[in-house]
Protein chains: 2
Amino acid sequence: MLHYDEIMPSMKRPGGRSARVRAAVLEGAVLELGEFGWRSLSVDRIAARSGVHKTTIYRRWGSADRVVLDALLDRGSEGFPIPDTGDLGEDLVCLGRSVASGITDPIGRALAAAIIDEPDSPTISRLADAFWSQQFEEARVIVDRAIKRGDVASSVDGGQIVESIAARVWFRVMMRRGEVTDMWLEEIVGSTVEGLSPAVERD
Amino acid sequence: MLHYDEIMPSMKRPGGRSARVRAAVLEGAVLELGEFGWRSLSVDRIAARSGVHKTTIYRRWGSADRVVLDALLDRGSEGFPIPDTGDLGEDLVCLGRSVASGITDPIGRALAAAIIDEPDSPTISRLADAFWSQQFEEARVIVDRAIKRGDVASSVDGGQIVESIAARVWFRVMMRRGEVTDMWLEEIVGSTVEGLSPAVERD
DNA sequence: ATCATAATGCAACATCTAGTTGCATTACTA
DNA sequence: TAGTAATGCAACTAGATGTTGCATTATGAT
């Protein structure tokens with residue numbers, strides 16, 4: 001996983017005002033991201049919106065990009081909630097909804113924009129990998145529970161199933177600009193889950 | 001579909017020099033995109049690289065963004081080649097490879113960046129929708145042929161299958177920064193195609 | 001071939017934004 | 001409460017962005 005210290009200078013007085021300033025700046029940056037997107041982000045506007053002087057931002061972060069990076073590290077770790085309805089299909093539909101709302105919010109979009117626009121940045125790569133690996137590691141229990149219930153074969157790879165759903169949702173939202181309706185979710189979950197039932201043992 | 005005229009001023013002498021200028025500028029823009037990404041694109045550098053004066057670019061396109069948009073319209077319509085190997089799985093693996101290489105080229109990345117960073121632009125939305133709709137409409141014949149061969153049930157939606165593969169590839173490249181190996185492609189194609197065979201008719 | 005003029009080239013300019021520096025002020029924390 | 005880390009502030013530099021007027025080139029109609 002990626003740590004705060006790796007991109008930020010160490011501070012000798014991280015508490016009190018500094019902490020408030022950081023929170024205000026990150027909050028402002030996220031709002032700006034949501035409103036204007038990363039490409040037209042400016043330190044001046046983040047400063048104005050957060051009520052912090054731009055000099056401070058330049059001194060602590062150095063650039064608007066690093067503010068966004070910091071915001072990603074700060075908030076990106078809040079994962080999706082893991083549903084547990086007792087039914088694999090329903091769990092996956094819930095997860096799909098979470099993914100959909102997660103990627104449309106400013107942080108999710110910023111992460112996507114960063115990854116696309118900065119294909120060679122190792123920091124971004126590690127950030128993305130860390131984020132999704134963690135998400136899928138947590139979410140695979142959805143499938144593991146279904147295996148335990150005997151609803152699907154034990155050979156099924158939970159990570160793959162979950163990633164498949166996330167990928168479909170991501171693509172629809174990002175690339176197709178489509179709505180993620182419950183009907184559509186049920187459809188893709190249905191075709192994904194289809195044929196996973198364990199073979200009937202005859203002996 | 002989106003037309004050139006919708007974003008570009010009509011010219012009274014579109015041939016000869018004007019056409020050469022446009023080609024040079026779009027080519028330069030694509031090279032710049034590949035090297036620096038959209039976020040750090042500048043009219044000055046496009047002008048320098050294409051050997052066209054920056055005034056001309058400002059007069060004809062107005063901004064670097066519109067140059068990129070024009071480039072997308074100009075080249076984005078070149079679709080993926082549609083494979084025809086006689087086997088559904090193999091066709092889909094080929095298609096996956098095309099999608100993967102399509103993403104990494106500058107135009108694909110620019111389109112992705114545009115879509116993500118400009119969620120409210122109707123022009124971008126229509127461009128994206130037109131692009132993908134066309135791709136999937138063309139690619140669904142892969143599945144239709146398999147249906148005709150009797151390899152899969154006629155109820156299967158070719159568009160969904162194709163989109164599913166494209167989505168997995170995009171997600172892997174963009175979000176996970178993973179390699180798209182043949183082995184991985186065969187794996188996801190396998191799990192997608194699994195269970196599509198027509199029920200054996202008994203009469 | 002010729003000619004009106006569309007399109008581009010060119011230089012100089014105005015404007016705006018990004019980022020810096022020196023010093024004053026605030027407020028952590030030892 | 002004293003030392004100083006962190007921020008606020010204003011003025012500045014540098015550089016990129018976009019504009020304007022005029023000269024030059026080349027297209028397309030005659």
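Here is how names work: the chains are called A, B, and so on, in the same order as the sequence lines, proteins then strands, and each is numbered from 1.
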Peer 1: Taking atom types as they are modelled, is there a donor-acceptor pair under 3.5 Å from the base of C:dG9 to the side chain of B:Arg59?
Peer 2: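 By the distance-only test, yes, there is a pair.
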Peer 1: With a 4.0 Å cutoff (strictly under), does any side-chain N or O of A:Ser18 reach OP1 or OP2 of D:dA5?
Peer 2: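 No, no such contact exists.
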Peer 1: Write down the atom of B:Ala112, the atom of A:Ile116, and the distance for their closest heavy-atom approach.
Peer 2: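 Scanning both residues, the minimum pair turns out to be CB-CD1, 3.6 Å.
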Peer 1: Distances for protein N/O vs nucleotides 13-15 of chain C N/O pairs under 3.5 angstrom?
Peer 2:
none

Peer 1: For the backbone of A:Ser18 and the side chain of A:Arg60, can you confirm whether one donor and one acceptor N or O come within less than 3.5 Å of each other?
Peer 2: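 Indeed, once roles are kept as given, a pair shorter than 3.5 Å links the two residues.
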Peer 1: Side-chain N or O of A:Thr56 less than 4.0 angstrom from OP1 or OP2 on D:dG8?
Peer 2: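 Affirmative; the distance criterion is met.
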Peer 1: Using only side-chain N and O atoms of A:Arg20, determine if any of them is under 4.0 Å from OP1 or OP2 of C:dC28.
Peer 2: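 So the side-chain polar atoms of A:Arg20 do come within 4.0 Å of the phosphate oxygens OP1 or OP2 of C:dC28, strictly under.
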Peer 1: Using only modelled atom types and a 3.5 angstrom limit, is any donor from either the side chain of B:Arg17 or the base of D:dA26 paired with an acceptor on the other?
Peer 2: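 Between D:dA26 and B:Arg17, which were checked side chain against base, a qualifying N/O pair under 3.5 Å is absent.
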Peer 1: Among residues 24-36 of chain A, which residues get a heavy atom nearer than 4.0 Å to DNA chain D?
Peer 2: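 Of all residues in residues 24-36 of chain A, none places a heavy atom under 4.0 Å from DNA chain D.
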Peer 1: According to a strict under-4.0 Å criterion, is A:His53 in side-chain N/O contact with OP1 or OP2 of D:dT7?
Peer 2: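 False: A:His53 side-chain N/O out of range (4.0 Å or more) of D:dT7 OP1/OP2.
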Peer 1: For a quick check of understanding: with a heavy-atom distance under 4.0 Å over all strands, which category does A:Ser42 fall into, base, sugar-phosphate or nothing?
Peer 2: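 Sugar-phosphate only.
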Peer 1: Can you tell me how far CD of B:Glu163 sits from CZ of B:Arg140, rounded to the nearest 0.5 angstrom?
Peer 2: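 Output value for this atom pair is 11.0 Å.
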Peer 1: Name the one of B:Ile142, B:Leu95, B:Thr85 that satisfies side-chain contact (heavy atoms from CB on, under 4.5 Å) with B:Glu90?
Peer 2: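 Of the listed options, the one satisfying the test is B:Thr85.
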Peer 1: Tell me whether the OP1 or OP2 atom of D:dT7 has a side-chain N or O from A:Arg60 closer than 4.0 Å.
Peer 2: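 Checking A:Arg60 against D:dT7: at least one side-chain N or O falls below 4.0 Å of OP1 or OP2.
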Peer 1: For C:dT20, take OP1 and OP2 only and decide whether either is under 4.0 Å from a side-chain N or O of A:Thr55.
Peer 2: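 So the side-chain polar atoms of A:Thr55 never come under 4.0 Å of the phosphate oxygens OP1 or OP2 of C:dT20.
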Peer 1: Could you tell me whether A:Val21 contacts a base, only the sugar-phosphate backbone, or nothing, with contacts defined as non-hydrogen atoms closer than 4.0 Å?
Peer 2: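 Here A:Val21 touches the backbone only, sparing every base.
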